[in-house]
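Counting convention: from 1, in listed order, for ligands and their atoms alike.
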Amino acid sequence: MHDPPLDYDTFGKRFMDQYCAGCHSTQWPENHGNRNDSPLTVNFDTYAGVVEWAERAYIRTYETGDMPPGGGPTDQDLVRFNEWMQCEVFPDAGVEL
Ligand code: HEC
């Protein structure tokens, strides 16, 4: 565990920008090229979007591992993603997994 715990500013924003917001971004309000058919309501370029989709984001990234669709996150980033979700995002989202 990191001390102080990882948070959006020290880890999450970089992770979501690097691996998710290429397709899932409020910058693409319609399904043009960059959105790649990802659902218009699922956006990860803000912390509010991460909180709203916390459980599904965790399942698809950490459990089934099929987001992003082509893979990408390093093992170290996945360990940190898990820690960040448990320590900051799930409590904020009221999710218990
Ligand atoms: C290359 C484009 C692309 C990237 C990058 C991407 N996604 Fe997706 N995402 C999609 C598409 C297309 C769908 C709709 C089809 C599906 O659900 O598999 C989707 C759907 C989703 C959904 C909604 C469906 C559900 O299971 O509830 C979530 C949540 C999601 N993605 C999370 C993520 C996360 C988290 C990341 C980053 C780790 C990510 N995605 C990266 C293309 C992408």
Side-chain angles (χ1 to χ4, degrees):
M1 291 289 273
H2 290 80
D3 184 20
L6 298 173
D7 65 16
Y8 186 65
D9 290 333
T10 58
F11 173 75
K13 183 176 190 323
R14 195 272 297 166
F15 183 96
M16 301 312 287
D17 281 351
Q18 183 171 348
Y19 299 120
C20 314
C23 299
H24 295 280
S25 173
T26 56
Q27 288 188 46
W28 331 128
E30 294 173 32
N31 187 29
H32 67 69
N34 285 324
R35 184 164 275 281
N36 286 303
D37 294 323
S38 67
L40 295 178
T41 53
V42 182
N43 294 306
F44 295 120
D45 57 321
T46 66
Y47 185 63
V50 177
V51 169
E52 183 180 350
W53 288 95
E55 187 168 347
R56 293 302 308 165
Y58 183 79
I59 289 169
R60 298 292 297 269
T61 305
Y62 194 76
E63 293 188 350
T64 65
D66 62 341
M67 283 292 150
T74 61
D75 290 348
Q76 187 185 52
D77 270 350
L78 287 173
V79 168
R80 290 176 176 166
F81 175 78
N82 180 38
E83 191 178 316
W84 169 54
M85 294 299 279
Q86 307 285 347
C87 292
E88 182 181 45
V89 181
F90 288 168
D92 283 353
V95 167
E96 286 182 37
L97 277 183

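- With hydrogens left out, the protein atom closest to atom 19 (C) of ligand 1 is Met67 CE, 3.2 Å, a heavy atom.
- Atoms of ligand 1 lying under 4.0 Å from any heavy atom of Asn36, numbered from 1 in the order shown and given with element: 12 (C).
- Residue Tyr19 has at least one heavy-atom neighbour below 4.0 Å for each of these atoms of ligand 1: 5 (C), 37 (C), 41 (C).
- For atom 15 (C) of ligand 1, no protein heavy-atom neighbour is found at a distance under 4.0 Å.
- Counting heavy atoms from C-beta outward, Met67 and Pro69 have side chains that approach closer than 4.5 Å.
- Between Trp84 and Phe11, the ring planes are perpendicular. Angles over 60° get that label, and only those under 30° would be called parallel.
- At least one side-chain heavy atom of Pro39 sits less than 4.5 Å from a side-chain heavy atom of His24.
- In terms of protein heavy-atom proximity, atom 28 (C) of ligand 1 is closest to Val42 CG1, 3.9 Å.
- Side-chain atoms of Arg14 and Tyr19, non-hydrogen and from C-beta on, do get closer than 4.5 Å to each other.
- Protein heavy atom in closest approach to atom 24 (C) of ligand 1: Arg60 NH1, 3.4 Å.
- Checking Ser38 against atom 8 (Fe) of ligand 1, every N/O/S atom stays at or beyond the 2.8 Å cut-off.
- Distances from atom 20 (C) of ligand 1 to the heavy atoms of Gly72, Pro39, Cys20 put Pro39 nearest.
- Counted by atom type alone, Thr26 and Asn43 present zero donor-acceptor pairs between their side chains at under 3.5 Å.
- Interface atoms of ligand 1 facing Cys23, defined by a heavy-atom separation under 4.0 Å, are 1 (C), 2 (C), 3 (C), 4 (C), 5 (C), 43 (C).
- Heavy atoms of Gly22 stay at 4.0 angstrom or farther from ligand 1.
- When the N, O or S atoms of His24 are ranked by distance to atom 8 (Fe) of ligand 1, NE2 comes first.
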Candidate pair Thr61 and Phe15, rule side chain to side chain contact (heavy atoms under 4.5 Å, CB included), full reasoning: CA-CA 11 Å; Thr61 305; Phe15 183 96; 4.1 Å; yes
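- Looking at Pro69 against ligand 1, only its side chain comes within 4.0 Å, counting heavy atoms.
- Phe44 CE1, 3.4 Å is the protein heavy atom nearest to atom 32 (C) of ligand 1.
- Remark: minimum distance from atom 27 (O) of ligand 1 to any protein heavy atom is reached at Arg56 NE, 2.8 Å.
- Near Asp37, the atoms of ligand 1 lying under 4.0 angstrom from a non-hydrogen atom of the residue are 12 (C).
- Separation of the Phe90 and Tyr58 ring centroids falls under the 6.0 Å cut-off.
- If you chain together hydrophobic residues whose side chains sit under 4.5 Å apart, Val51 and Phe44 fall into the same group.
- The backbone N or O of Arg35 sits less than 3.5 Å from a side-chain atom of Ser38, completing a donor-acceptor pair.
- The atoms of ligand 1 that sit less than 4.0 Å from any heavy atom of Thr61 are 34 (C), 35 (C), 38 (C).
- The shortest non-hydrogen separation linking Trp53 to Thr41 is NE1-O, 3.2 Å.
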